[in-house]
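Chain naming here is simple, since letters A, B, ... match the order of the sequence lines and numbering starts at 1 in each. All of these numbers come straight from a predicted model, not from anything done at the bench.
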Amino acid sequence: MTSATAANFGKLAGVAWDAIIVGAGHNGLVAAAYLARAGKRVLVLERQPQAGGAAITEELFPGFRFSSVAEGTGRLFAHVAADLQLHRHGLKLLPIDPLLTAALPNGGCLSFWSDTARTAAEIARHSKADAARWPDFCAAMQRLAAVVARLMMLIPPALPAPSGRDLMELLKLVAPARRLNRKQLADLVRTLPMPVADMLDEWFECDALKAALAVDGVHGVSLGPRQAGTAFVWLLALAAGQVPALAAASQLQGGVGALTQALAKAATSLGAQLRLNTSVQQVVVKDGRAAGVVLASGEEISARVVISNADPRTTFQRLIDPLEVDPVFLRSTDTIKYRGCTARMHLALSGVPRFAFDAAARIRIAPGINYIEQASDAAKYGSWSRQPWLDVTLPTLADTTLAPPGQHVLSIHAQYAPYHLRSQDWDTQRATLGSAILSTLAQFAPDVPQLVLHSQVLTPLDLERNYGLPEGSSTHGEMTLDQALHMRPVPDCAQYRTPIQQLYLCGAGTHPGGGCTGLNGHNAARQVLRDWG
Amino acid sequence: MAEIYDAIIIGGGHNGLTCAAYLARAGRKVLVLERRHILGGAAVSEQIYPGFTYTVCSYVVSLLRPEIIRDLELPRHGLQILPLVSSFVPMENGDHLALWSDPATTRAELQRHSKRDADAYPEFSQMMYKMGFAVKPILGMVPPNPLSPGVDDLRRLLELGRHAKGLDARTFQQLTKLMTMSATDFLDEWFESDVLKALTAINGIIGTMLGPRSPGTAYVMLHHFMGELDGAFTVWGFQKGGTGAVSNAIAGAARQHGAVLRCNAPVAQVIVRNGQAVGVALENGEEIRARTVVSGLDPRQTFLKLVDSRQLPAEFATAIGNFKYRGSSGKVNLALDGLPTFTSMPDRALLQGMIEICPSIDFVERAYDDAKYGEFSRRPFLDVLIPSTIDPTLAPPGKHVMSIFVQYAPYKLNGGWNAQQRAAFGDAVVNTLEEFAPGIKNLILHRQVLSPWDLEQDFGLAEGNIFHGELTLDQIFFLRPTAGWAKFRTPIRNYYQCGSGTHPGGGITGGPGRLAAMEILRSSK
């Protein structure tokens with residue numbers, strides 16, 4: 001702790017803070033911004049030297065900057081971005097087209113373009129029937145996603161006995177749902193618990209097309225596309241604009257860190273205070289109420305409410321004195337399934353890799369539903385996929401600020417790499433995993449190994465150690481049906497409140513889950529303000 | 001042609017018979033038409049091999065709705081359930097797990113595997129009982145349509161809402177978990193012993209093309225626990241004479257109330273005039289008139305075979321086309337020269353209970369993996385019963401019949417099912433059994449192997465699915481078989497459905513047959 005930051009504590013302790021937010025991840029910053037906008041005195045405390053949590057851009061090798069954890073596709077929910085006027089705080093979007101290119105085993109590819117007709121023409125090379133259905137599919141899914149988007153903005157009701165306010169909240173779903181006819185409404189209800197593969201089977205026959213789409217239903221979950229509930233994950237992603245094949249695509253200049261930098265600026269310009277390099281040791285609880293925090297330095301700062309951007313298990317098992325929490329509740333936080341199952345790999349390249357097709361900003365290697373399903377089988381038995389599916393981003397095609405001239409950065413999201421290995425440990429498996437990822441990529445771009453200047457592999461264990469993601473889960477708990485809505489993260493704190501009064505949650509462990517939506521922070525701030533009346 | 005029936009029921013399966021019995025009991029003139037020479041559908045007992053009675057398809061009873069047993073006075077017609085008091089799992093390490101209906105014995109056995117699990121088991125059983133109780137009103141209810149509710153629907157929805165509100169928060173949360181989780185994940189929250197989890201989880205995969213680690217299987221597990229209600233049966237039981245005797249009991253009740261039951265009467269088509277069902281045409285050309293026609297067959301046959309699909313709204317036909325069957329199981333019935341010897345079986349009395357070849361979660365999960373990619377399991381999960389040990393009338397003295405329910409056997413086998421594949425599948429079953437009961441091969445006098453394809457051909461089960469369609473969240477309650485048509489009606493006036501493809505789904509429950517009859521009676525008052 002430097003003396004300069006220590007000097008700040010005196011000042012911080014003297015202020016009558018309305019809210020202290022523990023952690024400056026993107027949701028913490030969004031919550032801060034909304035509370036500050038409502039005229040509240042807000043203090044955000046961040047352990048790391050930079051704000052952003054898992055949504056950061058880091059210079060991993062000299063001159064090469066990477067979106068190290070969260071994808072470069074991260075974008076806030078449009079509504080939140082508009083509220084916080086992020087474009088005024090330096091956020092710059094670079095358009096990309098094609099939106100996504102799926103690599104096929106025969107050397108071909110299937111590209112998705114912002115122009116629906118162009119995508120349909122591309123699909124027609126594989127299946128005329130699928131091409132004909134594509135525009136209808138996009139329209140039908142966007143209609144369902146509109147309802148899901150509204151659902152994501154709700155504070156989930158307390159079930160089985162919702163309050164009057166909960167019911168009022170649910171009424172907000174009526175308007176978007178009324179835009180659906182009876183059949184579409186039935187489709188929505190039926191689709192949510194389905195496997196994403198089944199959902200796509202009802203539309204398409206081309207396996208490559210289905211696989212390219214299905215990946216977004218298994219992103220970050222340890223399930224394969226034939227498992228129930230993956231359609232739910234897919235629709236949430238679509239609603240958040242994070243199904244690249246159907247999204248109005250753009251990438252953030254400067255990587256995903258630019259998003260959180262803009263958010264930090266938005267929050268501070270609205271009056272919130274942000275302190276970096278400041279580790280919170282404990283949340284102070286007095287008579288069952290959160291009263292402030294104690295810093296690692298021993299300094300105590302009080303506030304009307306404390307909002308934790310940390311994941312639920314960390315919040316209740318590390319930030320709170322266990323004696324303050326009901327043991328039955330504490331046990332329920334033990335059963336939250338985190339199950340990180342993804343690995344990241346970052347490459348600094350001396351040139352653009354040569355694929356059998358034009359290199360694109362986003363390339364997906366998942367050539368078949370069975371391919372993805374087989375990759376997922378490994379996770380069931382506690383080992384990692386020898387042939388993982390890969391989401392590859394090449395941001396430097398559009399953004400020259402991330403690498404030295406002529407050179408490139410390439411980031412890979414690889415699945416499945418489960419945090420819990422049965423008979424090995426990640427420290428000995430890291431290198432082999434890296435080779436497996438690289439050789440999978442090299443099947444489609446054989447010159448990649450020769451272009452690599454530097455590389456880094458992040459196993460789920462590394463994501464936990466280096467970025468504080470429990471079990472390597474970037475969503476602070478798996479996005480499965482049993483951990484959604486009124487069950488997220490656990491039933492007793494599904495409304496951003498916790499069993500400890502004045503302590504709130506705002507991280508990805510809450511509804512509506514992970515992804516750079518900002519909605520968790522938005523909804524949590526709304527709940528805090530609502531409770532203040 | 002002279003006679004006009006009030007109702008013709010297509011298919012003499014247990015639901016068709018139940019529907020017939022209820023309608024006849026209400027004074028309706030009812031005719032049941034069965035394609036085969038024997039009533040019962042998939043609940044039949046047959047002597048395929050002289051002297052040995054196989055309980056050919058379904059083999060145990062527990063889910064039969066108690067109100068049906070009472071209303072139809074089934075014990076008077078021969079219903080006699082012999083309780084199955086034990087479950088035995090031989091393990092790969094030579095150990096075993098044996099659970100008895102006696103709690104103290106079970107506790108001692110569980111303690112051998114895990115003290116923690118022995119403590120948790122009674123609480124788990126109680127919780128599952130509570131869950132069964134929580135869903136009980138839903139099982140006995142005609143599903144309301146929440147998507148375009150009428151007055152009745154609103155009333156039922158309110159009823160449901162009140163019921164849900166009456167549940168304590170913990171029950172409601174556990175119920176949510178059961179509806180959405182995998183059986184393994186759900187059991188992980190309770191137990192640590194893998195073999196106990198495997199034994200419990202198999203309730204979640206039976207009849208389903210899902211593995212114990214697939215979300216949705218906790219619900220199927222609950223479905224199989226619902227039988228333990230009302231004190232009617234506390235454990236699964238075996239019907240004396242085989243499940244065919246259950247069908248015969250219901251048939252007896254139907255006959256007593258005046259229903260006419262005809263075998264060897266395959267229906268070719270439902271006759272529809274002006275959008276209204278008016279009777280049926282048999283395959284031999286005979287036409288029979290009726291005011292109401294009810295199909296006990298699965299949705300695929302009910303809507304895509306028995307009627308001209310052009311009579312149906314296109315959207316409806318598409319939805320029925322999308323209904324998932326995905327048969328995942330086969331059946332092997334053996335005539336044995338004597339009783340087998342299982343390695344590690346501590347007490348021969350366990351031969352009278354269920355014998356489960358599911359030594360670990362991974363064993364079952366790997367069996368599923370094979371099927372996921374279009375192969376039958378090389379080492380399948382086996383649900384084994386030797387009914388002749390509790391009902392000696394099924395086999396000659398000293399000899400036995402063994403019923404083996406097998407998973408997984410995908411309907412869509414790579415290369416398709418044929419005689420050779422069927423035999424290979426039978427071999428995989430016997431070889432797996434031989435691992436745990438060495439020498440059983442030498443006891444086999446006769447072997448009947450039914451692949452999902454055979455189940456479709458011989459018993460009319462679409463894709464060999466024993467539930468007339470998968471019991472997944474997107475295919476239950478008001479979505480079974482499809483949204484807007486879960487109330488036993490169809491888009492064709494006076495044409496009804498009463499098979500397991502309707503609410504509350506598969507198993508020998510009688511639920512669909514009874515609810516359909518009530519709906520028919522209500523609309524024709």
Given side-chain contact (heavy atoms from CB on, under 4.5 Å), test Lys177(B) with Met487(A) step by step and report yes or no.
CA-CA 9 Å; Lys177(B) 288 186 171 198; Met487(A) 301 292 284; 3.6 Å; yes
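Among residues 183-190 of chain B, the residues having any heavy atom closer than 4.5 Å to a heavy atom of chain A are, in sequence order, Asp185(B), Glu189(B). Residues of residues 362-376 of chain B placed with any heavy atom under 4.5 Å of a heavy atom in chain A are listed by number as Asp362(B), Glu365(B), Arg366(B), Tyr368(B), Asp369(B), Lys372(B), Tyr373(B).
Pairing each heavy atom of Arg182(A) with each of Leu147(B), the nearest pair is CG-O, 4.3 Å. Contact between Asp492(A) and Gln173(B) at its shortest, heavy atoms only, is OD1-NE2, 4.2 Å.
Both the backbone and the side chain of Thr335(A) come within contact range of chain B, with heavy atoms under 4.5 Å apart. Within the 4.5 angstrom heavy-atom criterion, no atom of Leu192(A) approaches chain B. For Gln374(A), the parts sitting under 4.5 Å from any heavy atom of chain B are the backbone and the side chain alike.
Ala129(A) is linked by a side chain to side chain contact (heavy atoms under 4.5 Å, CB included) to Ser127(A), Arg133(A), Glu205(A), counting only residues two or more places apart in sequence or in another chain. Here Gln184(A) pairs with nothing under the side chain to side chain donor-acceptor pair (under 3.5 Å) rule; sequence neighbours left out.
Note: Glu373(A) leads Arg331(A), Lys337(A), Gln483(A), Glu373(A) in heavy-atom pairs under 4.5 Å with chain B. In terms of non-hydrogen atom pairs under 4.5 Å with chain B, the most contact-rich of Ala186(A), Ala161(A), Pro491(A) is Pro491(A).
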